[in-house]
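Here is the naming used below: chain letters follow the sequence lines, and residue numbers restart at 1 for every chain.
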Protein chains: 4
Amino acid sequence: MNRRSSKESRQSIIDSALKIFSLHGYAGATMRMIAEDAGISVGGIYLYFKNKDELCLFLIKEKLDEFSKEAEDLFKNIDNPLDAILNYINTSIKYAKKNREFIITQSREQGFTFGIEIKKEFFNRQKALIMEIIQKGIDRGIFVKCNPEEATKVIMGIIRGFILSVVVDPDNLFDPDECCRLILYGLLNRDK
Amino acid sequence: MNRRSSKESRQSIIDSALKIFSLHGYAGATMRMIAEDAGISVGGIYLYFKNKDELCLFLIKEKLDEFSKEAEDLFKNIDNPLDAILNYINTSIKYAKKNREFIITQSREQGFTFGIEIKKEFFNRQKALIMEIIQKGIDRGIFVKCNPEEATKVIMGIIRGFILSVVVDPDNLFDPDECCRLILYGLLNRDK
Amino acid sequence: MNRRSSKESRQSIIDSALKIFSLHGYAGATMRMIAEDAGISVGGIYLYFKNKDELCLFLIKEKLDEFSKEAEDLFKNIDNPLDAILNYINTSIKYAKKNREFIITQSREQGFTFGIEIKKEFFNRQKALIMEIIQKGIDRGIFVKCNPEEATKVIMGIIRGFILSVVVDPDNLFDPDECCRLILYGLLNRDK
Amino acid sequence: MNRRSSKESRQSIIDSALKIFSLHGYAGATMRMIAEDAGISVGGIYLYFKNKDELCLFLIKEKLDEFSKEAEDLFKNIDNPLDAILNYINTSIKYAKKNREFIITQSREQGFTFGIEIKKEFFNRQKALIMEIIQKGIDRGIFVKCNPEEATKVIMGIIRGFILSVVVDPDNLFDPDECCRLILYGLLNRDK
DNA sequence: AATGAATGAGATTTCATTCAT
DNA sequence: GATGAATGAAATCTCATTCAT
């Protein structure tokens, strides 16, 4: 058996934990499952993480930070609000596809309290970013005059819907482009 | 000890199970929690449901049936596609608010397979209903010419997003009316 | 529902208990199974028998008494030792076929102590009866000179083997006549 | 806490399980009893056996295989049918004495179906072995002309009777030699 | 650093027995 | 007499965590 470095072992645990928590939820996942998937002994996990809670909390934090950074970078480089929104939706959906179940899984369980602060902070940051874009779009006359906060919430909701769809009903995933079209142009035929 | 009728006890278990599963997820909920909430002994639950699985499966079925019936009734009585869509979104959101956590909770866990057939059938029926409305709207020139299947998926996704928001980020729930407005008119200012 | 007399209910319980204990053993049988089979409520059994132990003990006693009586009657009416032995084997096998599993089931379980005294007494009575016959056969020169006690044990063993076969390996039951033939040609004094 | 090797623990569980199942039957035996006897925690058993069923099934298989091998070896080395039969009876009885209660216990219970296939195969193999011997004995004129299948069944029945006697009525066990004598003088062709 | 046997607490499940009706 | 809902004790089983090696 070729020994792994401490770092490799740790990363292996993280990867497996993400996968297993995603598949089974926090309560449904077992340390044994994670250990087996990571190719480490059960006790071995405890060398790197104090306990199941800490392991899970770490994952939540890491994933949210990862996405935050990506989203913030994105907005730094795009000035046009239309492009920014389209990019945000696409990035989110791509990200959701990659980490889908975990995000969902961790949204619920354990009586609402698990990692709740971390998540709240994340959502607030995301919301502020999008709202800024929409406000800019309205100011520049690109977007219709609307309540930017409400529009932000709807857009975040749509992205959440995509995540949930990935998990619940993956046969009926919507196409990001079609989604953008609907958001931008709406369903009503205004030509008439 | 206050005796209840069999029916009352059963209903009490169902109500408590819905609540507890919603709060903690399938794996996180314990029969003891449910029993305590229902005011019955743990063993007593097993007089009414064969095991934890069956109890949960029953709830999923019941909730989905309940909603299906409501949605189908709704469409029977509304001919105008615009009204029908608005009504569907509002009904769904109202329903989601009522049963939120349970729906979410049950969407995930146990390696994707729990009650999957029941859910698939439900989604397909819902999809067919909405698609019919949208097609009708397109035919009558009320809605823009779009792919009705994709539009349906987006709308279902938006509703799912609402459900997920209720649970994940309840401080930032969007307003159904604002959501409808966005869906119908879109974000882009076409006057310009 | 046509009410049954107290006596009928009791008999119904006895019959069902015999069947269920036979099928599942003492520990494996449940009061619910017996109640269902007897067409009575679970609580109803307790009107007739103090508890599971008493019910089972009653059955053991009844069955053994029943057989004892039959066997003793048999010997009273038959003077010829050869006929007596043949009859005993046949009667035993017929009886075993009828009550097979129960007898077996009750032979074991519960750390050897359940109804042990009753059973011991029964076996000793049976043994005395057969030994008497064999002794008589030897005295009259019909049977070979052998140790009548050992011969008795072997014969009782053979009958037990039949019972066990009924249960364990019913496809390979031996024929009573063939069995008698085998036993007799070893037992009969052919020099005479 | 004295550490044992995995192998030792496993064997300890096997030994205790055999003892406890033998004493109390499948349903009557509890995992706690086995664990206590084996000097391990209840949960510890589940590290080695998936559940109670598997543990019991394993024992059945092991014991039957053990005996099968012993019996087959025996016949390989003995050509004389008379010696072979005597040896088989003696080996069986010796084996039965060692594993008596377990064999019995496992013959019954759980609605006849537990490990039934394994057992059927075992009995069929045993039957074939004995029948071959008896046929050989008849061919060589050592045994009387009889139906070898029926004779086989009777002999197997006698051995089963011994097993059952060990458990039911151990005070009245027959002597193997006496048993053989009885059987042989029926089987032997004395005209020759 | 790593293992994996072992534990103990707690989960699910079963069932003899009781008792209000 | 009879019911069957309900209980409580005990069974089976699971799993996070520990610890000797």
Side-chain angles (χ1 to χ4, degrees), chain A residues 1 3-6 8-10 27-36 39-53 55, chain B residues 1-10 27-35 39-55, chain C residues 1 3-6 8-10 27-36 39-53 55, chain D residues 1-10 27-35 39-55:
Chain A
M1 181 191 327
R3 273 291 159 94
R4 288 180 296 192
S5 73
S6 179
E8 283 169 331
S9 288
R10 194 183 141 88
T30 75
M31 296 303 263
R32 177 177 301 269
M33 287 175 190
I34 295 169
E36 259 161 31
I40 202 174
S41 67
V42 188
I45 296 177
Y46 289 84
L47 296 173
Y48 297 97
F49 294 93
K50 219 183 111 208
N51 53 35
K52 199 184 176 186
D53 272 27
L55 173 55
Chain B
M1 153 197 353
N2 59 334
R3 271 294 154 104
R4 287 178 297 191
S5 75
S6 180
K7 228 176 189 171
E8 283 168 332
S9 290
R10 193 182 142 90
T30 75
M31 297 304 262
R32 172 177 302 275
M33 287 175 189
I34 296 170
I40 202 174
S41 67
V42 182
I45 297 176
Y46 289 84
L47 295 173
Y48 298 97
F49 295 93
K50 224 183 109 212
N51 53 36
K52 200 184 174 187
D53 271 28
E54 297 255 309
L55 173 54
Chain C
M1 182 191 327
R3 273 292 159 93
R4 290 179 295 192
S5 73
S6 180
E8 283 168 331
S9 289
R10 194 183 141 89
T30 74
M31 296 303 263
R32 179 176 298 268
M33 286 175 191
I34 295 170
E36 258 162 32
I40 203 174
S41 67
V42 188
I45 296 176
Y46 288 84
L47 297 172
Y48 296 97
F49 295 92
K50 218 184 114 208
N51 54 35
K52 200 184 175 187
D53 271 28
L55 173 55
Chain D
M1 153 197 355
N2 59 333
R3 271 295 154 102
R4 287 179 297 192
S5 76
S6 181
K7 230 178 188 170
E8 282 168 332
S9 289
R10 193 184 141 89
T30 74
M31 297 304 263
R32 172 177 302 274
M33 288 175 189
I34 295 170
I40 202 175
S41 66
V42 182
I45 297 177
Y46 290 87
L47 295 174
Y48 299 97
F49 296 93
K50 223 183 109 210
N51 53 37
K52 200 183 173 187
D53 271 29
E54 297 256 310
L55 173 54

**OP:** Measure from the side chain of Val42(A), starting at C-beta and using heavy atoms only, and say which of dC15(F), dT17(F), dG4(F) lies closest.
**Re:** dT17(F)
Subject >> Complement of dT21(E), any strand, by Watson-Crick or G-U distances under 3.5 angstrom >> reply: dA2(F)
Subject >> Side chain of Ser6(B) - closest among dA1(E), dA5(F), dT3(F) >> reply: dA5(F)
Subject >> Contact under 4.0 Å: Tyr46(B) side-chain N or O vs dT13(E) OP1/OP2 >> reply: yes
Original post:
When you measure from the side chain of Leu47(B), which nucleotide among dT12(E), dG4(E), dT7(F) comes out closest?
Top reply: dT7(F)
Subject >> Whole angstrom value for the distance that separates P of dT21(F) from CD of Glu8(D) >> reply: 13 Å
**OP:** Look at the side chain of Ser41(C) and decide which nucleotide, out of dT3(F), dA5(E), dT12(F), has an atom nearest to it.
**Re:** dT3(F)
**OP:** Select one nucleotide: of dA11(E), dA5(E), dA6(F), the one nearest the side-chain heavy atoms of Ser9(B).
**Re:** dA6(F)
Original post:
Can you name the nearest heavy-atom pair linking Asn51(B) to Tyr46(B), along with the distance?
Top reply: CA-CE2, 3.8 Å
Subject >> Watson-Crick or G-U wobble mate for dT7(E), both contacts under 3.5 Å >> reply: dA16(F)
Original post:
Where the side chain of Met31(C) is concerned, which of dC15(F), dA2(E), dA16(E) is the nearest nucleotide?
Top reply: dA16(E)
**OP:** Specify the residue among Arg32(B) and Ile40(A) whose closest nucleotide of DNA chain E lies further upstream toward the 5′ end.
**Re:** Ile40(A)
